[in-house]
Amino acid sequence: MDFASNLFSAGTLSQILVGLSRTTILFIVSSGMSLILGVLRIPNVAHGSLYMIGAFAAWSVIQFLGGGLFAFLAAMIVAPMIVAAVGFVLERGFFSYLYEREHLMLLLLTFSFALILGDLVKIVWGPEYRSVTVPAFFQGSAEIFGLPLPWYNLFLLLIGPCIAVFLWLVINRTNLGKIARAAAVDGEMVGAVGINTGWIFAFTFVLGSFLAGLGGALIAPMVNISLGMDHSLIMETFLIVIIGGLGNMWGALLGSLIFGLTQSLGILVWPQFGIAFPYLAVVAVLVVRPRGLLSSTW
Amino acid sequence: MKKAVSILAVAVTMFWGTGSGIAGETIKVGFVDTYTGPATTFTNDVLDGFKMAAEKINEKGGVLGKKITYVTRDDKFKPDIGLTMAKELVLKENVDLLVGTINSATALAVSDLCKKEKIPFLVTFSKSDKITGSMGHRYVFSMNENTEMAGRATAKALAKKPYVKYWIAGDDYEYGHAIANGVFDHLKTLNPKVQLLGQSWWKVGETDFTPYITQILAAKPDFVIVATGGGGMVNFQKAAQSTGFNKKVPFYQHTAIELSTLSPQGPNAPEGVYGTANYLFYFPATKENKAFVEEFRKAYNRYPKSGALYGYMTARFIAKSYEKAGKIDKEKFIDAMEGMTLDSPVGKMEMRACDHQVTLPMFFGVTKKSAQYDFLTATDVVSVPGKDYMPSCAEIAKTRAK
Amino acid sequence: MRRSAAPFLLLLLPVALLALPQVLPRFHTYVAAIVLLTALLATSLNLAIGYTGLYQFGHAVFYGVGAYGTALTLTRSGMPAPVAFLVGPLAAAALSLVMGLICIRLSKLYFGMLQISLGSLVWAVVYRWYSFTGGDDGIHGIPLPDAIASPKGSYYWTLAVTALCVFAMYRIVRSPFGKVIQGIRDNPVRAEAIGVDVKMHQLASLVIAGFFGGVAGSLFVVVESSVFPDMMFWTFSLEVLIMCLLGGMYTFFGPLVGASVIVLLRVFASVHTQYWGIILGTILTLVIIFLPDGVLGVFVRRSRPREVPGA
């Protein structure tokens with residue numbers, strides 16, 4: 001394969017755009033995990049399960065409302081809310097009692113929930129594949145430099161920054177966000193000042209779960225919705241959060257960019273091993289900057 | 001410490017689980033297959049097809065006066081669990097024979113176990129050509145096509161077409177490479193003019209094919225061989241539909257025209273996709289096929305897919321082989337099944353004696369919207385008879401000798 | 001341990017283990033062998049995680065490399081079996097050293113994640129190198145010496161090797177080296193201050209853990225005469241980790257108990273239900289909430305370190 005000519009062709013620009021649209025989903029899901037990890041110190045292995053529930057829930061909502069653009073948009077809001085509700089139950093019902101435990105035990109607990117949620121999805125929705133079609137509004141593709149970019153990918157490209165901005169506003173401009181950030185750094189102090197950290201933690205976990213569900217709902221039209229989705233994203237999400245810096249939103253964005261772009265460009269450079277590039281990038285980052293690229297809250 | 005001992009004691013008593021199996025009064029078939037996760041859409045059909053045939057046989061008095069019964073074990077698509085479950089069925093449940101599994105690695109491991117234990121193993125759905133090829137032996141039988149066969153059948157069909165510049169893409173695992181190589185290598189021998197421009201391989205379970213699709217389009221091939229496995233079929237077709245890939249460049253996938261691939265997408269599946277399949281419920285529109293479809297729909301309220309054919313014929317081969325053998329004996333069963341020919345919904349199926357591979361027709365067609373159904377179906381269907389695309393007994397003997 | 005019960009246990013268990021294949025059906029002998037080698041694997045992991053305090057999240061790769069090393073030697077080189085049984089664990093130990101050198105600069109979660117990434121690269125190589133490792137099909141029908149090929153033979157071999165290795169690890173943990181690594185686990189800063197070479201000890205511990213993990217892998221080859229790339233996948237690493245946590249990370253025999261429970265549960269629950277995920281998840285949740293030190297931790301006096309608040 002002629003590397004050089006591949007790198008500087010119109011295909012490259014197209015690949016970059018595609019990589020960016022993939023970044024959106026990665027960012028949405030990892031920002032949720034980063035929040036939970038940074039503020040609550042919980043490595044949430046169940047995050048993948050929440051993502052999967054988001055996809056299945058989106059399918060159910062669209063089925064219920066009969067398809068079409070309205071159903072799709074409704075699913076984008078309702079499905080994450082369902083997942084947020086699940087998160088609320090998990091946090092209030094279990095995590096809130098166990099924060100003083102060691103991280104490893106919390107990780108183990110989230111793993112148990114991942115197992116339970118995985119089987120619950122099987123019980124509720126059954127083992128068959130589900131499929132959500134892209135709403136007619138988004139079908140087909142645009143021609144960018146002579147190569148197709150599906151309208152849905154473009155939609156994701158635009159949604160990504162919107163969500164990033166929205167999250168930034170919530171975390172940096174609202175009181176709730178500021179308190180959550182403070183609690184991440186020093187929970188005891190925040191409690192000492194008289195703020196009920198319990199509800200802060202609940203809010204954070206619910207927001208993180210909402211984001212996971214949103215990621216799942218957004219990706220639903222592009223993939224086979226099946227059991228096993230929970231495993232597909234969890235490793236990438238963890239790695240993104242680690243290289244970005246724990247609890248750091250911009251870190252999650254940076255990590256997602258690295259992942260999305262190294263993979264789509266890696267395919268141009270070395271088609272057979274494109275899948276290895278993000279992992280190599282992770283190793284490189286951790287060797288050079290062990291604490292992650294941006295500051296972490298730990 | 002006493003408490004720790006008692007915990008261990010409880011664990012040990014769990015060991016003495018009830019060993020069921022009143023041996024000898026029934027023909028006990030052990031299923032090891034994946035009943036968790038995405039593969040279930042295929043394996044459920046195998047089991048349902050089997051059940052349908054077995055129930056009919058039992059109603060008529062069973063085989064040699066005994067009823068066919070079955071037990072299932074879920075391997076969760078993991079070979080180590082599959083091997084353990086197979087051992088449980090053979091060593092504890094005392095099954096008469098094993099049937100399964102969709103995971104090729106598991107099938108090969110279980111095949112090896114059955115060789116050691118001298119118990120017949122009928123493989124359903126796994127498509128590795130090693131099963132009856134280089135790693136085949138007396139105790140393993142394949143009830144469906146494998147990658148080598150699919151490759152040859154497709155190569156035959158493609159050799160007649162005018163395409164010269166090919167691109168290969170697919171899921172980066174054994175099955176993907178086997179299908180792609182199977183098709184292209186044979187195509188090259190049939191039509192030496194074809195060239196391979198390049199290859200793209202993505203991880204199994206990939207969801208976003210757009211970067212690969214754009215890369216392939218930039219290279220401008222005449223035709224693309226897309227080697228996706230069960231889970232990737234729908235994902236890739238969705239991506240093809242949304243990027244218009246199918247309209248820009250013709251491509252082929254094994255099982256692209258199967259119901260399992262087309263039905264979840266409803267009317268939005270891509271048209272013009274070439275594919276091969278072992279079973280189509282609407283073709284051939286023979287009496288036997290229609291009767292089979294009718295029976296299946298009545299029993300299970302859905303159209304049968306390939307798995308149903310495999311399961312159905314597995315039960316019938318089992319029954320007829322025991323009948324011919326005259327007694328419940330594993331060795332006589334194997335001898336009886338070798339060379340047996342049975343009628344099936346797709347015509348005659350023969351269990352080839354030299355390699356224990358079943359011969360069945362392969363259908364090659366193109367997807368197209370259907371007026372009758374709310375999913376796409378195949379048109380321009382060409383039926384390639386089994387003997388035209390199976391490796392010869394001599395070739396098999398050569399691969400096994402290595 | 002309470003001394004009064006110890007002699008009772010010491011007599012009963014070996015007798016039961018030795019008599020097992022004579023009394024139980026073949027399938028149970030096979031399951032027992034799997035329990036033993038998994039217990040060895042879990043104990044080896046605990047060396048790194050419970051005793052040295054390293055977040056060893058990618059342990060399965062050593063198990064897999066040990067197994068593949070043994071399998072490839074048996075199928076591809078002409079070397080006799082004893083060589084194969086050494087090649088596997090040594091390869092695992094070597095890999096552990098290399099990975100350790102890369103990861104040791106990081107701490108806690110970062111160490112674990114880097115280890116997983118590196119382990120995933122190893123997995124990817126094994127998975128794709130079809131011509132050499134059999135790719136995702138794995139390797140099957142591995143030839144074994146007759147004496148250990150049968151279910152009874154493989155069981156006794158597994159029992160002997162496991163007992164030997166567990167004993168060895170027990171001695172290591174009780175030795176001065178063992179005390180030092182526990183000191184490092186509890187307070188690395190203080191250990192450094194009194195002149196202990198922290199990194200060297202951690203590396204040594206990793207290599208030993210990797211070696212014994214590799215031994216467990218070679219035992220898998222003996223029992224199953226197959227290997228699969230999933231053996232080194234990160235989800236299995238997590239399963240082994242859970243065995244340690246379930247049984248009690250700060251006791252020596254905890255991982256053994258955890259491994260036994262999980263393997264037995266997996267085999268017998270899978271036979272009866274397809275929802276074993278919920279069963280295992282629920283049991284784990286209950287154990288975490290009510291038995292914070294794992295199953296065995298309830299019986300053994302707590303000797304675990306207190307976490308420094310805010311760390």
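The analysis underlying the following values was restricted to heavy atoms, covering all of them including side chains, and did not include hydrogens, waters or symmetry mates. Every chain is numbered from 1, with letters handed out A, B, ... down the list of sequences.
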Do [X] and [Y] pair up side chain to side chain, a donor and an acceptor below 3.5 Å, judged on atom types alone?
X: B:Asp172; Y: B:His177; answer: yes
X: B:Ser306; Y: B:Glu258; answer: yes
X: B:Asp75; Y: B:Thr34; answer: yes

Report the relative orientation of the aromatic rings in B:Tyr166 and B:Phe223; use parallel for angles under 30°, tilted for 30 to 60°, perpendicular for over 60°. tilted
Take the angle between the ring planes of A:Trp125 and A:Phe56 and call it parallel below 30°, perpendicular above 60°, tilted in between.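 Ring orientation, 0 to 90° scale: tilted.
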I'd like to know which of [options] tops the heavy-atom pair count under 4.5 Å against chain B.
options: A:Ser131, A:Ala142, A:Ser226; result: A:Ser131
options: A:Asn153, A:Ile219, A:Val134; result: A:Asn153
options: A:Val121, A:Asp119, A:Leu227; result: A:Leu227
options: A:Arg22, A:Gln139, A:His231; result: A:Arg22

When the 4.5 angstrom heavy-atom criterion is applied to B:Tyr35 and chain A, the contacting part is backbone
Between B:Thr243, B:Asn268, B:Thr40, which has the largest tally of heavy atom pairs under 4.5 Å with chain A?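 Among the listed options, the one with the most contacts to chain A is B:Thr243.
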